[in-house]
Protein chains: 2
Amino acid sequence: MAAARRQFGELGYERTSIRGLASEAGIDPALVMQLFGNKEQLFSTAATSGIDLQALTSATADNLAEAAAAHLFADFEDPERRTAAEALLRSCLTHPAAAAALREQVMAPAQSAVAATIGGDDSELRAAVLNACTLGVTIARYLLRDPVLADADRQDLERVLRPALEAVIAANSRS
Amino acid sequence: MAAARRQFGELGYERTSIRGLASEAGIDPALVMQLFGNKEQLFSTAATSGIDLQALTSATADNLAEAAAAHLFADFEDPERRTAAEALLRSCLTHPAAAAALREQVMAPAQSAVAATIGGDDSELRAAVLNACTLGVTIARYLLRDPVLADADRQDLERVLRPALEAVIAANSRS
DNA sequence: TCTTTCGGTCAACGCGTGTAGAGTGAAGCT
DNA sequence: AGCTTCACTCTACACGCGTTGACCGAAAGA
């Protein structure tokens with residue numbers, strides 16, 4: 001199961017084979033079938049478990065930008081939680097179920113939580129933009145491994161990113 | 001060739017088969033081999049052609065945020081240019097060559113151009129964050145099709161996003 | 001007109017995949 | 001001890017894939 005998450009996270013859904021994953025785990029491929037029924041089901045249980053949006057929902061308007069930035073790191077700096085999040089993100093552009101899961105189980109709840117916190121005009125759109133920006137930084141840093149972002153200190157990155165998030169939060173009037 | 005870009009853009013590298021793409025184009029799969037040699041080569045010529053960073057490199061510090069936002073739309077609102085960009089982006093998380101191409105042929109040049117324009121402390125890091133944010137919005141809107149972002153007006157989206165980009169550009173002092 | 005070349009097609013190979021079903025050995029119950 | 005159940009493995013199937021090399025008809029050159 002840990003092997004499943006690791007391979008899904010590293011290779012994506014399509015390139016991950018049940019045979020390869022089973023051999024990494026030291027078990028028989030057929031056992032994987034017996035336990036999870038399906039490659040699809042294995043993926044969805046591997047990728048959608050361990051998603052935790054509490055940090056976002058419990059934030060106030062004051063510390064929202066900080067919470068969003070911290071949330072970005074919490075999912076990926078901790079090796080335990082990283083694999084599940086990486087599995088979901090890695091396949092979200094090529095696997096329809098992963099895209100749907102990310103949209104409906106991560107982005108939509110996060111957006112409504114953020115929208116409720118910031119309020120004002122366009123709160124939904126601004127929440128969506130805020131999440132899209134953190135998504136972009138996450139992808140570029142941890143998945144795409146853009147050299148500048150991947151090698152940056154967490155503090156430096158947070159210091160640069162936070163003004164952007166705060167700008168989205170603060171611009172709550174139709175100009 | 002148009003069919004190749006379309007399928008790579010819609011399905012990603014792994015799910016796109018030469019057979020399927022050839023039948024959409026009404027030709028024989030073997031002809032594709034003969035013309036491009038390889039699935040890999042076909043992909044790289046389909047995905048890396050038509051990348052145009054001129055809008056970014058020729059921007060000044062004053063209109064950089066505007067140029068970056070406009071650049072985001074230019075690649076995806078125009079159906080002609082969209083397919084190539086979409087093909088590259090769709091596979092950038094699962095196909096190593098696509099990731100490398102995106103990093104080295106798109107993000108790195110864009111970052112150095114932006115960094116040169118904004119200058120100041122951490123210019124490289126801030127350029128990377130700026131590009132990551134536009135990348136995130138692009139992915140969420142056009143690839144992931146997040147409902148809020150996908151249905152938003154171009155003007156509304158630009159109005160919300162621009163303050164964020166400007167904040168990254170403007171925060172050019174170590175606090 | 002005969003020959004060569006060339007754009008294009010056909011059938012096929014070898015491989016890796018997800019998946020199914022029969023089989024096996026140990027453990028637990030009566 | 002005998003039977004049942006369970007966790008697990010072995011073998012095999014059917015399929016779709018990228019790729020190849022032989023083949024074919026038409027255009028061009030002698």
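These numbers come from a predicted model, not from an experiment.
Toward the 5' end of DNA chain C, the nearer of the two residues Gly20(A) and Ile27(B), judged by each one's closest nucleotide, is Ile27(B).
One can place CG of Leu31(A) at 18 Å from P of dT24(C), the figure rounded to the nearest angstrom. One atom, CD1 of Ile18(B), and another, C1' of dT9(C), lie 16 Å apart when rounded to the nearest Å. Computed from coordinates, the Arg19(A) CZ to dT19(C) P distance equals 11 Å when rounded to whole Å. In this structure, CG of Leu21(A) is placed 11 Å from P of dT17(C), rounded to the nearest angstrom. Going from atom CG of Asp28(B) over to atom C1' of dG8(C) covers 7 Å, rounded to whole Å. If you measure from atom CZ of Phe43(A) to atom P of dG18(C), you get 14 Å, rounded to the nearest angstrom. Computed from coordinates, the Lys39(A) NZ to dT17(C) C1' distance equals 8 Å when rounded to whole Å. Atom CZ of Arg15(A) and atom P of dG18(C) are 13 Å apart (whole Å).
Judged by distance alone, with hydrogens and angles left aside, Gln34(B) brings a side-chain donor or acceptor within reach of the base of dG8(C), the pair sitting under 3.5 Å.
One finds the CG atom of Leu130(A) at 11.0 Å from the CG atom of Leu125(A) (value rounded to the nearest 0.5 Å). From Leu89(B), atom CG reaches atom OH of Tyr142(B) across 11.5 Å, with rounding to the nearest 0.5 Å.
Running 5' to 3' along DNA chain D, contacts with non-hydrogen atoms of chain B at under 4.0 Å begin and end at dC17(D) to dG21(D).
Between Asn38(A) and dG18(C) there is no side-chain polar atom (N or O) within less than 4.0 angstrom of OP1 or OP2.
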